[in-house]
Protein chains: 2
Amino acid sequence: MTESAESIFEQFPGGVFPAACSSRVLLDHVTSKWGVLVLVSLTDGPQRWSELRRRAQGISEKMLAQTLRTLEADGLVHREQQPVMPPRVDYSLTPLGEELAEVMVPLLRWVGRNADTVIGPATR
Amino acid sequence: MTESAESIFEQFPGGVFPAACSSRVLLDHVTSKWGVLVLVSLTDGPQRWSELRRRAQGISEKMLAQTLRTLEADGLVHREQQPVMPPRVDYSLTPLGEELAEVMVPLLRWVGRNADTVIGPATR
DNA sequence: CTCGGCACTTTCCGTCACGGAAGTACCTTA
DNA sequence: TAAGGTACTTCCGTGACGGAAAGTGCCGAG
């Protein structure tokens, strides 16, 4: 984190990310409206469906399911279904997901700190 | 970055971010498809319209204009029009924008490193 | 035997984000 | 005089995003 503070363009010579490459796809997944919220919710430890719905305020069931499926397919989220009744499913971050969370949380903190200054507490 | 690695929930007691608050709005701005790309392009220094179009591969003129206007309104991007002919406009990061870039670049690096593993070089 | 709850899945449908193309204002160069 | 370049704005059409709500499978409680 010390030497690399300068140019991300050494890492990506052609434009920021070349259009239509895997980086763009993954970027869209992890920076999606609900992807961010679900990922960050899970930094607090394994959680169940209903817990996640509460944490990611405003998400619909459809979007939660879709987001979780995408994140799981990307290997960022682990889904563990326990064969008990009533059904119990726990979602957690995979090691890869934890890695991602480590770089995501600083961004979220920054947003949290600066939101009121930039947008205004009630505006828009 | 040492003591604060644990819970972002101390900072945000009610859910990740409360729905319909300024954090969500700012989050949407900075994690938008094109917002990320423009912001990161500008970490390389002040750039002109046409330069940004080339950097953020695939962006339309309409979206570039819209994204720049949003980011300027948020105080993240500085627009400097020089009264010369032909018109020359330079865009750069404000100090606030630089701050944001500092937390954004690690995320982009991570995405760049892991994209091929997660998504596959050509898939989807 | 019906009700209800958990964890989804699916369907329907509106809206708005986005792309594409064309238009604009102004001046330079040929 | 015409063509061209920069930095946009405007219009229009489509498709994907996303919300509401109903459906599903399974079982335990009453």
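Everything quoted here is computed from the prediction, not taken from an experiment. Letters go in sequence order (proteins before strands), and every chain restarts at 1.
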Applying salt bridge (Lys or Arg N to Asp or Glu O under 4.0 Å) to E51(A) and R48(A), what does each step give before you reach the verdict? CA-CA 5 Å; E51(A) 179 84 32; R48(A) 308 178 57 176; over 6 Å; no

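Rounding to whole angstrom units, CG of residue L64(B) and C1' of dA21(C) are separated by 17 Å. As a whole-Å value, the separation of Q81(A) CD from dC6(C) P is 16 Å. Regarding E51(A), its CD atom lies at a distance of 15 Å from the C1' atom of dA7(C), rounded to whole Å. In this entry the distance linking CG of L68(A) with P of dT9(C) reads 10 Å, nearest Å. Between R69(B) atom CZ and dA17(C) atom C1' there is a gap of 14 Å when expressed in whole angstrom units. Taking atom CG on L52(B) and atom C1' on dA7(D), their separation rounds to 12 Å, with Å as the unit. A straight line from CZ of R79(B) to P of dT6(D) spans 16 Å, rounded to a whole angstrom. Computed from coordinates, the D28(B) CG to dC18(C) P distance equals 11 Å when rounded to whole Å.
Listed for the Q82(A) side chain is no donor-acceptor partner under 3.5 Å among the backbone atoms of E80(A).
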Protein-proximity profile, nucleotides 18-27 of chain D, B/S/- by nucleotide at the 4.0 Å heavy-atom cutoff, equals BBB------S

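Between dA7(D) and R48(B), a contact under 4.0 Å exists linking OP1 or OP2 to a side-chain N or O. Applying the 4.0 Å criterion to OP1 and OP2 of dA7(C), one finds that R53(A) has every side-chain N and O outside that range. For dA7(D), neither phosphate oxygen OP1 nor OP2 lies less than 4.0 angstrom from any side-chain nitrogen or oxygen of R88(B).
In terms of the salt bridge (charged side-chain N to carboxylate O under 4.0 Å, His left out) criterion, residue partners of E61(B) (sequence neighbours excluded) are, by chain and number, R53(B). Residues that satisfy the side chain to side chain contact (heavy atoms under 4.5 Å, CB included) test with T117(B), not counting sequence neighbours, are absent from this structure. A73(A) pairs by the side chain to side chain contact (heavy atoms under 4.5 Å, CB included) definition with nothing, not counting sequence neighbours. Taking the side chain to side chain contact (heavy atoms under 4.5 Å, CB included) definition, one finds that E72(B) meets it with R79(B), sequence neighbours left out.
Residue pairs meeting the salt bridge (charged side-chain N to carboxylate O under 4.0 Å, His left out) criterion with at least one member in residues 90-100 of chain B, sequence neighbours excluded, are R88(B)-D90(B).
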